[in-house]
Amino acid sequence: MSEAVMAAEKKHSAYTFLLWWYNYMLENNLKQLEPGDFEEVLTEAYHNELYFDDLYAHIKSIQAKHQPVRGSRLPFRSETAAVAAAI
């Protein structure tokens, strides 16, 4: 496999699988990696890539989406599912 093909696959994996998985992890309150740990691993693996700033912005956007709004009493989706399951 050529370097160009490997680089394209790495980028494709980042924008499809990794972003999807990170969002899924936060949405479902999974603890395989804490959000900061994921960010550290992602930075280590992708910091030299030309698209790193854009990829990092996507990570920050996903994090913001899953942060509770101050003063909000609405539970996260995973909390709602846990309450529904308990009933």
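- Around atom OH of Tyr15, more than 12 heavy atoms belonging to other residues, nucleotides or ligands sit under 6.0 Å away.
- Of the possible donor and acceptor atoms, one in the side chain of His47 sits under 3.5 Å from a partner among the backbone N and O of Glu44.
- The side-chain heavy atoms of Leu26 and Lys65, taken from C-beta on, include no pair separated by under 4.5 Å.
- Both Tyr24 and Phe17 sit in one connected hydrophobic cluster of ILVMFWY residues. Membership requires side-chain heavy atoms under 4.5 Å apart, directly or through other members.
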Which donor-acceptor pairs under 3.5 Å do the side chains of residues 4-14 make with protein atoms, sequence neighbours left out?
unit_1, atom_1, unit_2, atom_2, d
Lys10, NZ, Ala45, O, 2.8
Lys10, NZ, Glu49, OE2, 2.9
Ser13, OG, Glu9, O, 3.0

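- With hydrophobic clusters built from ILVMFWY side chains whose heavy atoms lie under 4.5 angstrom apart, Leu18 shares a cluster with Leu30.
- Here CG of Asn23 is found 11.5 Å from NE2 of His58. Values are rounded to the nearest 0.5 Å.
- Pairing each heavy atom of Tyr56 with each of Thr43, the nearest pair is CE1-OG1, 4.1 Å.
- Taking the side chain as every heavy atom from C-beta outward, Leu42 and Tyr22 never approach each other to under 4.5 Å.
- A search for side chain to side chain donor-acceptor pair (under 3.5 Å) contacts involving Tyr51 returns nothing, not counting sequence neighbours.
- Atom CD1 in Ile59 sits 9.0 Å away from atom CZ in Phe52 (nearest 0.5 Å).
- A chain of hydrophobic side-chain contacts below 4.5 Å, direct or via other Ile, Leu, Val, Met, Phe, Trp or Tyr residues, connects Phe38 to Trp20.
- A donor-acceptor pair under 3.5 Å is absent between the side-chain atoms of Ser61 and the main chain of Ala57, judged by distance alone.
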